[in-house]
Protein chains: 2
Amino acid sequence: MHCFMKEGVTDILKKSGLSLTDSRKRILHFFLESSNALAHSDIEKLSGDQFDRVTIYRTLQIFVEKGIIHTIPSADNAVRYALCQSECSAGHHHDEHVHFVCDVCGATFCLQHTAIPQVQLPNGFKLRQVDVLASGKCNQCA
Amino acid sequence: MHCFMKEGVTDILKKSGLSLTDSRKRILHFFLESSNALAHSDIEKLSGDQFDRVTIYRTLQIFVEKGIIHTIPSADNAVRYALCQSECSAGHHHDEHVHFVCDVCGATFCLQHTAIPQVQLPNGFKLRQVDVLASGKCNQCA
DNA sequence: GTAACTGCAAAATATTTGCATCCTT
DNA sequence: AAGGATGCAAATATTTTGCAGTTAC
């Protein structure tokens with residue numbers, strides 16, 4: 001298991017076979033710095049509109065393809081992304097951790113140290129992945 | 001605990017204080033008939049474009065408000081809705097069951113009889129709700 | 001009859017695509 | 001130098017809002 005936190009932006013991009021461009025470096029940096037998940041709009045704000053919307057879309061897309069970030073399921077129709085922490089490779093995500101959305105501040109966290117519970121499916125169903133989406137109040141807002 | 005399956009469309013609408021209009025009756029009927037979750041686009045197709053897009057948006061919205069249906073979190077940014085099965089009332093949803101998305105056919109099911117596992121949050125976090133989103137192959141596609 | 005609901009038009013927002021130019025290697 | 005990435009323009013898709021006409025009760 002590698003840990004992105006200990007690697008630099010450049011290492012991660014190289015390892016994924018991506019060229020080192022300004023937008024990729026800065027956007028990846030935002031994820032490394034941020035303790036919670038980021039939406040497209042967050043990145044726009046963080047970058048001070050330095051990048052074109054389209055560039056952000058394409059950058060997020062390729063990061064997902066390369067296994068650098070993953071999307072977080074949500075009920076509110078807003079796509080948020082977070083760093084993959086464990087052994088993700090291109091096309092194969094393994095982010096079976098618990099996601100937590102704060103009802104108050106809207107922040108979304110990946111709870112790495114919270115175990116994914118066992119799920120028992122009905123007969124005939126084949127399980128591939130389990131996502132757990134918890135909501136309530138985060139430690140800042142409680 | 002009431003069970004919508006045993007009630008008619010009319011009963012449900014009346015109980016929720018909604019007037020009995022064509023679109024509401026037909027859209028609610030789709031949910032009662034369907035074994036899996038429906039997206040806005042599914043309803044458009046099912047109705048044969050009988051209703052305006054806007055009417056569908058507004059109908060789904062008020063059904064959610066009244067606790068008749070609930071949104072299902074998904075990683076693919078498509079909002080799907082399903083009937084609330086347990087004691088939901090206006091503004092208070094309690095649909096803590098497991099949702100299952102089939103990777104093959106895309107169908108989304110509510111697994112009523114699958115227990116929601118316990119989730120242990122870090123210190124300072126207050127839990128309100130847990131959604132479990134499982135994916136894999138459904139019994140038709142496995 | 002009145003309040004609420006629907007349909008249409010249009011605005012606002014979100015996402016995708018094509019292409020010329022620029023940057024990384 | 002060559003291939004890939006970006007920025008801009010524009011197409012497409014999604015969701016929201018306002019308002020006038022219609023319907024439920």
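Computed from heavy atoms alone, side chains included, the values below leave out hydrogens, waters and symmetry copies. Naming convention: chains lettered A, B, ... in sequence-line order (proteins, then strands); numbering from 1 in each chain.
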Determine whether a donor-acceptor pair (N or O, by modelled atom type, separation under 3.5 Å) exists between the side chain of [X] and the backbone of [Y].
X	Y	value
S47(A)	E44(A)	yes
S16(B)	I12(B)	yes
T59(B)	T55(B)	yes

Value in whole Å for how far the [atom2] atom of [N] lies from [atom1] of [X]:
X	N	atom1	atom2	answer
D22(A)	dC22(C)	CG	C1'	12 Å
K14(B)	dA4(C)	NZ	C1'	17 Å
L13(A)	dA5(D)	CG	C1'	13 Å
L20(A)	dG4(D)	CG	C1'	13 Å
R80(A)	dA14(C)	CZ	P	13 Å

Choose from dA24(D), dG4(D), dT15(D) the nucleotide whose nearest atom is closest to any side-chain atom of R53(B). dT15(D)

Select one nucleotide: of dC8(C), dA5(D), dA24(D), the one nearest the side-chain heavy atoms of D52(B). dC8(C)

Parallel, tilted or perpendicular, as decided by the 30° and 60° cut-offs, for the rings of F125(A) and F109(B): perpendicular

Fit a plane to each ring of H99(B) and H70(B), take the angle between them on a 0 to 90° scale, and name the class: parallel (under 30°), tilted (30 to 60°) or perpendicular (over 60°). tilted

In one Ile/Leu/Val/Met/Phe/Trp/Tyr side-chain cluster, 4.5 Å: [X], [Y]:
X	Y	result
Y57(A)	I69(A)	no
L133(A)	I116(B)	no
L20(B)	F63(B)	yes

Can you tell me if T21(B) touches the phosphate of dT6(C), counting only side-chain N or O atoms and a distance under 4.0 Å to OP1 or OP2? yes

Quick one, which residues of residues 37-48 of chain B touch DNA chain C with a heavy atom under 4.0 Å? none

Residues of residues 55-62 of chain A with any non-hydrogen atom less than 4.0 angstrom from an atom of DNA chain D: list those, numerically ordered, please. T55(A), R58(A)

Answer with base, sugar-phosphate or nothing: what part of the nucleic acid does R24(B) contact at a heavy-atom distance below 4.0 Å? sugar-phosphate

Within-4.5 Å side-chain heavy-atom neighbours: I68(B) and F31(B): no

